[in-house]
**Student:** 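The structure follows.
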Amino acid sequence: MTALTPLDLHGSLSDPLLDTMTFLNEVTTRYPDAISFAPGRPYEGFFEVDSVHTYLDTYLEHLAKDRGMPPERVRTELFQYGRTKGIVHELIARTLEADEDLRVDPEALVVTVGAQEGMLLVLRALFASPRDVLLVSSPCYVGITGAARLLDIAVEFVPEGPGGADPAALAAAATRLRAAGRRPRAFYVVPDFANPSGTSMATKDRHRLLATAAEHDLLVIEDDPYGFFGTDPLPRPTLKALDPDRLVVHLGSFAKTCFPGARLGYVVADQEVVHPDGRRGLLADELAKLKSMTTVNTPSLSQAVIGGMLLHHGFRLREANERSRRFYARNMATLLDCLDAAFPAAERAALGLDWNAPEGGFFAVVTVPFTADDAALERCARAWGVLWTPMAGFHPAGGGTNDLRLSCSCLEPADIAEGVRRLAGFLREAV
């Protein structure tokens, strides 16, 4: 049998970036009794198995009664290959209007297999030339940088400020790239409670970011998985809701607001595409062409369950997630309070420790005076029974070696308190 070498495979497969999640999954399996601040998962206590049947029945009733489908058409809708752009696009559009005051043409929506597929489709469509460069905040979610690596798309890292994406730093990066003969094509950003940093942009900075994008001829790829989960119940507007010029391609996901097992996301791509023969269409139509050659269509059963959930809650997912918002807000407060109690200000300064205080979401970042790498994580898991995520993997251009990410989303408050107690022991020992 012929053996393959790494030289016979795409270069991305040798990139340490792609090993990050594998390592975390393996270390969690090796230490199943450890308290884990590693995964950014929703809290499982909100999942009810029987509700899946309720939501499915709600959607099937909608097809029969609201849309007047006969039984054989309902059967086809559920069991057969479906429309490439999705079958619940109209329901998603109604939900966006109710939750975000965002009015979009349902035809501008592409329903995807999670937001990750949406990222791949958008990057493949927008990056047409080797000169094109994707700009991302640093630190950055590994899903987008990994997707860019798979597609051989060049990435430029824009340092994040304490208030999230920095419009001034973005402008400087775009100017620098154009001076070097490159084309800054799009900027990827998570404006609310970003993974991994937990930062969130003020509304005035969102306006500044859009003005900067317009000035530098940039599209903005907005990823919004955590927007419902602020400690303040009053939401900030999405970039897309502030976007009169259609600069923003909006990625949405039902992983955190409904449940991740459905693997359902969507893209709002209402940018106009003008063809050489004068035909006009939407970027969503171009994404659908790419989708037809990758996943063909998004599973109808997953769409039916999520569609039923939207119907069941009257297209108001934000309101339906209020219990979750309060739970995650309490967990974040518990995490920060426990860190403060474990390390009073004087000791914190003496040990060289620091951490941020996110305004919501799942993640906080602790800065330490030693290298917080995979080896340190192994020692912590083995000796102290607690897991966290090294931040270096979120800084592909370098950096983050003295930072660790803590996720508090899927733990009970008592586990957070015990986890911080164990973590404190490890940090004192390591320092």
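Values below: every heavy atom of this structure, side chains too, minus hydrogens, waters and symmetry copies. Heads up: numbering here begins at 1 and tracks the sequence.
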**Student:** Show me the donor-acceptor pairs within less than 3.5 Å that the side chains of residues 119-129 make with the rest of the protein, sequence neighbours left out.
**Tutor:**
unit_1 : atom_1 : unit_2 : atom_2 : d
Arg124 : NH2    : Phe127 : O      : 3.1
Ser129 : OG     : Arg131 : N      : 3.0

**Student:** Which pairs count as ring pair (Phe, Tyr, Trp, His ring centres under 6.0 Å) when at least one residue sits in residues 204-235, sequence neighbours excluded?
**Tutor:** Tyr226-Phe362, Tyr226-Phe363, Phe229-Tyr328, Phe229-Phe362
**Student:** How far does CG of Asn402 sit from CG of Asp354, to the nearest 0.5 angstrom?
**Tutor:** 12.0 Å
**Student:** Salt bridge or not for Glu117 and Arg263, using N-O below 4.0 Å?
**Tutor:** no
**Student:** Can you list the residues that meet the salt bridge (Lys or Arg N to Asp or Glu O under 4.0 Å) rule with Asp224, with sequence neighbours excluded?
**Tutor:** none
**Student:** Applying side chain to side chain donor-acceptor pair (under 3.5 Å), which residue pairs with at least one partner in residues 300-321 are found, sequence neighbours left out?
**Tutor:** Glu100-Arg318
**Student:** Flag the pair Arg103 and Asp101 as a salt bridge only when some basic side-chain nitrogen lies within less than 4.0 angstrom of an acidic carboxylate oxygen.
**Tutor:** yes
**Student:** Under 4.0 Å between a Lys/Arg side-chain N and an Asp/Glu carboxylate O for Arg326 and Glu322?
**Tutor:** yes
**Student:** Below 4.0 angstrom, N of the basic side chain to O of the carboxylate: do Asp285 and Arg280 qualify?
**Tutor:** no
**Student:** Side chains of Phe254 and Met309: does their closest heavy-atom pair fall under 4.5 Å?
**Tutor:** no
**Student:** Can you list every pair that meets side chain to side chain donor-acceptor pair (under 3.5 Å) and has a residue in residues 229-241, with sequence neighbours left out?
**Tutor:** Ser200-Arg236, Arg236-Glu359, Lys240-Asp243, Lys240-Asp270
**Student:** How about Phe259 and Phe46: are their ring centres within less than 6.0 Å of each other?
**Tutor:** no
**Student:** Please name all residues satisfying salt bridge (Lys or Arg N to Asp or Glu O under 4.0 Å) with Asp205, sequence neighbours left out, ordered by chain then number.
**Tutor:** Arg208
**Student:** Can you confirm whether Pro42 sits close enough to Phe327 that some side-chain heavy atom of one is under 4.5 Å from a side-chain heavy atom of the other?
**Tutor:** no
**Student:** Using side-chain heavy atoms (C-beta onward) and a distance below 4.5 Å, is Leu317 in contact with Leu310?
**Tutor:** yes
**Student:** Just to verify, what does Glu222 make a salt bridge (Lys or Arg N to Asp or Glu O under 4.0 Å) with, not counting sequence neighbours?
**Tutor:** none
**Student:** My understanding is that only residues two or more places apart in sequence, or in another chain, count here; which of them pass side chain to side chain contact (heavy atoms under 4.5 Å, CB included) with Leu150?
**Tutor:** Ser12, Leu18
**Student:** Give me each pair satisfying salt bridge (Lys or Arg N to Asp or Glu O under 4.0 Å) with a member in residues 62-77, each pair once, sequence neighbours excluded.
**Tutor:** Glu61-Lys65
**Student:** Tell me, please, which residues at least two apart from Asp374 pass salt bridge (Lys or Arg N to Asp or Glu O under 4.0 Å).
**Tutor:** none
**Student:** Within a strict 4.5 Å, meaning less than it, do heavy atoms of the Tyr59 and Ile306 side chains meet?
**Tutor:** no
**Student:** Going by the side chain to side chain donor-acceptor pair (under 3.5 Å) test, which pairs reach into residues 164-189, not counting sequence neighbours?
**Tutor:** Asp132-Arg183, Glu156-Arg176, Tyr188-Asp223
**Student:** Applying side chain to side chain donor-acceptor pair (under 3.5 Å), can you list everything that pairs with Glu107, at least two apart in sequence or on another chain?
**Tutor:** Arg83, Lys85
